[in-house]
There are 2 protein chains.
Amino acid sequence: MGRVRISDVAAAAGVSTSTVSLVLNDRDVRIPHETRERVRRAAAEVGYSPNTVARGLRMQRTRTIGLISDTIATTPFAGRMLAGAQDAAREHGYLVFLVDTESDPQVEQDAIRALTGQQVDAMIYAAMWHRVVDVPKGLPAGTVFLDCRPATGDFSAVVPDDREGGVSAVRELVAAGHRRIAYLDVDEPEPPVASALRHEGYLAVLAEAGIEPDPALHVRGETSAAGGRQTTERLLDLPADRRPTAIFCFNDRMAAGVYVAAHRRGLEIPRDLSVVGYDDQQLVAGELDPPLTTIALPHYEMGRWATEVALGVRAHEAPRSTRLMPCPIVRRDSVSSPPAAATNSSRRRA
Amino acid sequence: MGRVRISDVAAAAGVSTSTVSLVLNDRDVRIPHETRERVRRAAAEVGYSPNTVARGLRMQRTRTIGLISDTIATTPFAGRMLAGAQDAAREHGYLVFLVDTESDPQVEQDAIRALTGQQVDAMIYAAMWHRVVDVPKGLPAGTVFLDCRPATGDFSAVVPDDREGGVSAVRELVAAGHRRIAYLDVDEPEPPVASALRHEGYLAVLAEAGIEPDPALHVRGETSAAGGRQTTERLLDLPADRRPTAIFCFNDRMAAGVYVAAHRRGLEIPRDLSVVGYDDQQLVAGELDPPLTTIALPHYEMGRWATEVALGVRAHEAPRSTRLMPCPIVRRDSVSSPPAAATNSSRRRA
DNA sequence: TCAAGGTGTTCAATCGATTTAGCAGACCTA
DNA sequence: TAGGTCTGCTAAATCGATTGAACACCTTGA
């Protein structure tokens, strides 16, 4: 237990607590090697480990960091983000306080008070979906926003580069020879910012490939396998020459629905229809048959980045800026070249 | 920021810091209402919030709790467990330090030192799979084990009641009229303790229903959809009168494989084959078609329980005991009565 | 008038570390 | 021998709160 105090070490080594502190913290003070050794041995013998609360009080620096998250239970991403933050913190000798607010403003306020009361050296405000958030009152100046951007104020933030993610996905399909590529988007009253960003990427790639975007191929559905299935069915109902040969989905769950719709029509993936998802959810993308090519969300990296910036160990980083973290493509087996007929038909159209 | 000290409040209210402390902590000391009000107003005006580091040092009580977890990134369960711990801690005014060790013994040792150094009031040692763990050196006496049991020593622990979970699952199938029920178990060199416990429950229900267990129906496969599919195929290769009409799966991912195998044979779930999973993984069980009936793992509840016991707010609980947390059944649409043919055949056999 | 008792508030010690200024004593030099 | 320098170590202040002891001041009763 934390029973052993520095004075116990001092007594055991026959010196003052000052000397013990000086030695154990490797201060540049003239203390002969022999004494240093004696102190260190004494500390080890009595099993001393410093009381960091006392140290924190004296040093005005607690080596702790507060992480406020809007949820941790309801998304599979939280763990990776926490792990990234966690690892970065540990590497620099920090401990992290985790608070889950479930988006309750009262809990959030209490959390901010509690964490500042704890004298945390840095604070991270995390969301589990890329979005714009109001800055809660009382947030300290150096707070870093993780997977969200503050609506106002001058803060550092890190979010996934959803536009480039869309680019990678669609470029993969174009590179395989597809020209009729659908974007299976989300259908929500307030769509997540990722929705529009990925669409931007989609359009950019079409443009660079000289493909005229077809509005009929930008469809929206519920964010679920069922939603993906239904929307895909509408897509497959299109006349043969307007039907997509590839679908870029807003997320992996919707992509799972694409698989179902395709199978019901006797279409084989990727032979008859190529699919790219988003999120790289292991339980979905990895378990589908064939495994789904998708775009990974860099939650671990964002967690790391946010922590490192919060701790100030990324001095070269532009201060108070928003970092767009790359979303790498994860190639599996759901993309191939389009079926010959479609290729022909598109050639005919060209 | 934590700039405002109690002395600032004292100055603003024209009293000593003692008085401020007495008032703000509602001590039973004769201080007239008028002064109390004045102090409180001053505190609010200057925006005082106490430095809990200083308080912790003085009180020898930090109102923090340390949670050491073997992983948080690689399982979808971690979030629920953390949320449970988190909620319980918050309700009692505690903040939680989270450390993710990735099962690295060195990291674990460092974490224990760091947390005891932080003078945490309680400690929780969590695993993400129900298993028996070696007790790391230096763990304080009151540590509570979460989702794991200590191999030695006298500790409180909470784990899922996997035996009863197996009972619920199989009873559900028996109640629907099934008599040929397979247990699709995991196939690993060191199977998780849940494997045997659920099998116990399975056997118990068969016994209570007067069903002779058929060893051919206890099969093992890889824990994945692919493993579930392959193993199910072997099951479906059995002669018609020995073939199962229902399958109880070790987990939902394997159950997803059962669906695939069934569909490939033209079998419809639940008409031709009933399925019960385990884990209640939203992304799997909820997205399958039809949605999967399964047994939920009580991670949130276990997280709560462990925290409450660690904080000593569950005095009535037997000390240093292992709590088996019930695994409730989640009824969806993958169970129905067996096909008529099978019922007849089993009647014939009787 | 004075002791006793009550009321309102403060003094000062305390928690366990860190750190600066400074003190003995050894040694050196003129 | 006195003064200066160097070496090795420690005294004491400090961080910001809490709290038991104690101190003024007022009232009351004999």
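Below, chains carry the letters A, B, ... as their sequence lines are ordered, and counting in each starts from 1.
- With hydrogens and angles disregarded, no donor-acceptor distance shorter than 3.5 Å links the side chain of B:Asp121 to the backbone of B:Ile65.
- Rounded to whole Å, the distance from CG on B:Asp8 to P on D:dC15 is 12 Å.
- Less than 4.0 Å separates DNA chain C from at least one heavy atom of each of the following residues of residues 9-18 of chain A: A:Ser18.
- Using a cutoff of 4.0 Å between basic side-chain nitrogens and carboxylate oxygens, B:Arg304 and B:Glu308 are scored as salt-bridged.
- Proximity note for A:Ser21 (side chain, C-beta onward) versus C:dT18, C:dA17, D:dG16: the nearest is C:dT18.
- The number of heavy atoms from other shown groups lying within 6.0 Å of CG (B:Asp154) is above 12.
- Around atom CZ of A:Arg113, no more than 12 heavy atoms belonging to other residues, nucleotides or ligands sit under 6.0 Å away.
- One end of the helix from C:dT1-D:dA30 to C:dA30-D:dT1 points its axis 80° away from the other end's axis, with each axis taken from 5 pairs and the angle rounded to 10°.
- A:Pro150 is listed as a side-chain neighbour of A:Phe155, based on a closest heavy-atom distance under 4.5 Å.
- Atom CE of A:Met302 sits about 11.0 Å away from atom CZ of A:Arg323, to the nearest 0.5 Å.
- By the neighbour-count criterion of 12 heavy atoms within 6.0 Å, atom CZ of A:Arg36 is densely surrounded, having more than that number from other residues, nucleotides or ligands.
- Between B:Tyr48 and D:dA17 there is a side-chain N or O to OP1 or OP2 distance below 4.0 Å.
- Residue B:Leu57 contributes atom CG, which lies 12 Å from atom C1' of D:dT14 at whole-angstrom precision.
- In this structure, of D:dT10, D:dT19, C:dA17, it is D:dT19 that holds the atom nearest to the side chain of B:Met59.
- Classification of B:Arg90 and A:Asp104 as a salt-bridged pair fails, no side-chain N sitting under 4.0 Å from a carboxylate O.
- D:dG8 atom P lies 13 Å from atom CG of A:Leu22, rounded to whole Å.
- Following rounding to the nearest Å, A:Asn51 (CG) and D:dA17 (P) show an atom-to-atom distance of 17 Å.
- For the pair B:Arg58 and C:dT14, the criterion of a side-chain N or O lying under 4.0 Å from OP1 or OP2 is not met.
- In the region residues 23-40 of chain B, proximity to DNA chain D at under 4.0 angstrom, judged on heavy atoms, holds for B:Asn25, B:Arg27.
- Distance A:Arg61 CZ to C:dG16 P: 23 Å, rounded to the nearest Å.
- What you find for A:Glu301 and A:Met325 is that their closest heavy atoms are O-CE, 3.8 Å.
- Remark: P of D:dA17 and CD1 of B:Ile6 are 5 Å apart, rounded to the nearest angstrom.
- Annotation: side chain of A:Phe97 is in contact with side chain of A:Thr64 (closest heavy-atom distance under 4.5 Å).
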**Request:** I would like to know whether A:Ser18 and A:Ser21 meet side-chain hydrogen bond (donor to acceptor under 3.5 Å, both in side chains); could you show each step before the answer?
**Result:** CA-CA 5 Å; A:Ser18 315; A:Ser21 174; over 6 Å; no

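- In this structure, B:Gln60 reaches the C:dG16 phosphate: one of its side-chain N or O atoms is under 4.0 Å from OP1 or OP2.
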